[in-house]
There are 2 protein chains.
Amino acid sequence: MIGFNRNYFHMNAATTPATKPAAPMLALEHFLPYRLSVLSQLVSTSIHDRYFQPSGLTIPQWRVMAILGRFAPVSASEVCDRTLLDKVTVSRAIAALRQRRLVQRTVDPGDRRRSALGLTPEGQRLHQQIAALALDYERRLLQGLTSAERTALDRLLQKLTGHARAMRMPTSARQPRHPDT
Amino acid sequence: MIGFNRNYFHMNAATTPATKPAAPMLALEHFLPYRLSVLSQLVSTSIHDRYFQPSGLTIPQWRVMAILGRFAPVSASEVCDRTLLDKVTVSRAIAALRQRRLVQRTVDPGDRRRSALGLTPEGQRLHQQIAALALDYERRLLQGLTSAERTALDRLLQKLTGHARAMRMPTSARQPRHPDT
DNA sequence: GGCTGTTAGTTTCATTTGAAACTAATTTCG
DNA sequence: CGAAATTAGTTTCAAATGAAACTAACAGCC
């Protein structure tokens with residue numbers, strides 16, 4: 001172990017002791033973005049390591065499959081919107097998945113730039129397999145939360161995501177495009 | 001817009017309609033890992049784009065600074081544990097931050113492999129600056145949540161993170177090492 | 001029709017990433 | 001003690017990433 005003399009604060013933006021000028025302290029372990037990042041990272045890598053490592057899918061590839069499993073047919077750009085993955089990443093994931101015959105594409109006759117993406121039967125099978133495992137993970141993760149807590153969690157995530165989306169605007173207007181999520 | 005005939009389920013692992021064999025459906029928009037990922041991504045990139053893009057810090061660099069600002073002195077591996085960043089990433093972030101004279105390192109005399117890391121005065125100034133902005137972002141993100149909701153959120157994140165950490169074990173025993181977070 | 005601008009998606013290329021190998025210091029244990 | 005195993009941290013190298021440029025199809029407008 002290394003060293004010591006740490007300052008413990010137990011509120012973010014601790015109101016300073018009146019003697020000092022306002023210098024808000026960042027109590028990292030209570031800082032929401034940090035906590036979200038740690039939790040999300042933890043969960044994503046757990047699931048990846050355990051469940052779809054063996055299938056040889058990368059995380060973006062799995063995300064795309066998950067979207068398709070749920071919302072097909074969709075266009076690539078809708079996948080981007082829903083996953084927040086970069087369009088390059090999505091383009092490559094789709095290419096790889098098509099190569100493996102897990103995803104199929106049909107050019108939209110009304111607009112030949114777009115294409116409708118969906119899972120092949122084989123893709124559906126794999127999706128089903130991984131989905132079962134992922135849901136099991138989620139179930140275990142949520143064990144110990146009461147039904148009320150789950151409801152609360154649901155509402156909170158919804159609210160926060162809504163705010164976060166609203167607050168993101170600056171980077172040149174973006175289409176919301178998805179009522180749900 | 002593309003296409004259509006979507007299935008709407010509004011619960012994860014929807015109990016199947018008795019006529020079909022159990023095929024749990026992954027209702028992505030209700031799937032916790034997915035929602036966490038989207039939210040966390042949204043928040044992290046918002047903060048990055050707005051606040052420390054100008055300082056020229058990368059996300060890992062900022063994370064390291066945030067840890068040091070809060071917990072210095074710490075070793076590099078403790079930074080890894082706390083951020084869940086890869087040790088290579090941390091090593092490089094530290095190298096860059098030292099180059100910029102934002103971070104300083106003192107070799108631990110008791111164990112000359114380790115070093116105690118901390119912010120330089122200049123690093124502290126920058127940290128302080130960014131922290132203020134980040135906290136402001138957090139404040140705005142949490143606006144609209146009642147005090148009770150915030151408490152609930154806090155508890156939920158704590159619980160979930162605890163579970164997630166516990167469930168991660170498989171990948172060859174890991175030291176918990178941090179009571180907090 | 002035919003410019004001008006926009007959108008869907010891909011390709012290029014320089015940067016970032018992380019697994020694996022490595023160095024160096026420390027600990028374990030016969 | 002000293003060989004073998006472990007840990008902190010760095011370097012290497014191949015793969016993943018994403019910003020910017022590009023292609024192709026569409027939309028608006030005169």
**OP:** May I have all residue pairs that pass ring pair (Phe, Tyr, Trp, His ring centres under 6.0 Å) and include part of residues 112-147 of chain B, sequence neighbours excluded?
**Re:** B:Trp62-B:His127
Original post:
For A:Ser91 and C:dT10, is the shortest distance between a side-chain N/O and OP1 or OP2 below 4.0 Å?
Top reply: yes
Original post:
For A:Tyr34 and B:Thr83, which heavy atoms make the closest approach, and how far apart are they?
Top reply: OH-N, 4.5 Å
**OP:** Give a yes/no on whether any side-chain N or O of A:Arg112 is located under 4.0 angstrom from OP1 or OP2 of D:dC26.
**Re:** yes
**OP:** Grab the CD-P distance between B:Gln61 and C:dT16 for me, whole Å please.
**Re:** 9 Å
**OP:** Return the value, rounded to whole Å, for the distance between atom NE2 of A:His48 and atom P of C:dG18.
**Re:** 12 Å
Original post:
Can you tell me how far C1' of C:dT15 sits from CD1 of B:Ile59, to the nearest Å?
Top reply: 15 Å
Original post:
Counting only side-chain N and O atoms of A:Arg105, is one of them less than 4.0 Å from OP1 or OP2 of C:dT10?
Top reply: yes
Original post:
Can you list every ring pair (Phe, Tyr, Trp, His ring centres under 6.0 Å) pair that touches residues 140-164 of chain A, not counting sequence neighbours?
Top reply: none
Subject >> Atom-pair distance (CD on B:Glu78; P on D:dA8), nearest Å >> reply: 11 Å
Subject >> Separation of atom CZ in A:Arg114 from atom P in C:dG9, rounded to whole Å >> reply: 7 Å
Original post:
Whole Å only: how far is the CG atom of A:Leu97 from the C1' atom of C:dT10?
Top reply: 16 Å
Subject >> Atom pair distance, as rounded to whole Å: CZ in B:Arg63 and P in C:dT16 >> reply: 16 Å
**OP:** Go through the N and O atoms of the side chain of B:Arg113 and the base of D:dT7, and report whether any donor-acceptor pair is under 3.5 Å.
**Re:** yes
**OP:** Give every residue pair that meets the ring pair (Phe, Tyr, Trp, His ring centres under 6.0 Å) criterion with at least one member in residues 72-118 of chain A, sequence neighbours excluded.
**Re:** none
Let me have the donor-acceptor pairs involving side chains of residues 36-48 of chain B, under 3.5 Å, with sequence neighbours excluded, atom names and distances please.
unit_1, atom_1, unit_2, atom_2, d
B:Ser37, OG, A:Arg63, NH1, 3.3
B:Ser37, OG, A:Arg63, NH2, 3.3
B:Ser44, OG, B:Ser40, O, 3.2
B:Ser44, OG, B:Arg63, NH2, 3.3
B:Thr45, OG1, B:Gln41, O, 3.0
B:Thr45, OG1, B:Leu42, O, 3.4
B:Ser46, OG, B:Leu42, O, 2.9
B:His48, NE2, B:Leu57, O, 3.3

Original post:
So, are A:Arg140 and A:Asp136 salt-bridged, with charged N and O less than 4.0 Å apart?
Top reply: yes
Original post:
Which letter, B, S or -, goes with each nucleotide of nucleotides 15-21 of chain D from 5' to 3', with contact meaning a protein heavy atom under 4.0 Å?
Top reply: --BBBB-
Subject >> Pairs involving residues 92-106 of chain B, ordered by first then second residue, that meet salt bridge (Lys or Arg N to Asp or Glu O under 4.0 Å) (sequence neighbours left out) >> reply: none
**OP:** Ignoring backbone atoms, establish whether B:Ser77 has a side-chain N or O less than 4.0 Å from OP1 or OP2 of D:dG9.
**Re:** yes
Original post:
With nearest nucleotides of DNA chain D determined for A:Gly110 and B:Ile94 from heavy-atom distances, which residue corresponds to the more 5′ nucleotide?
Top reply: B:Ile94
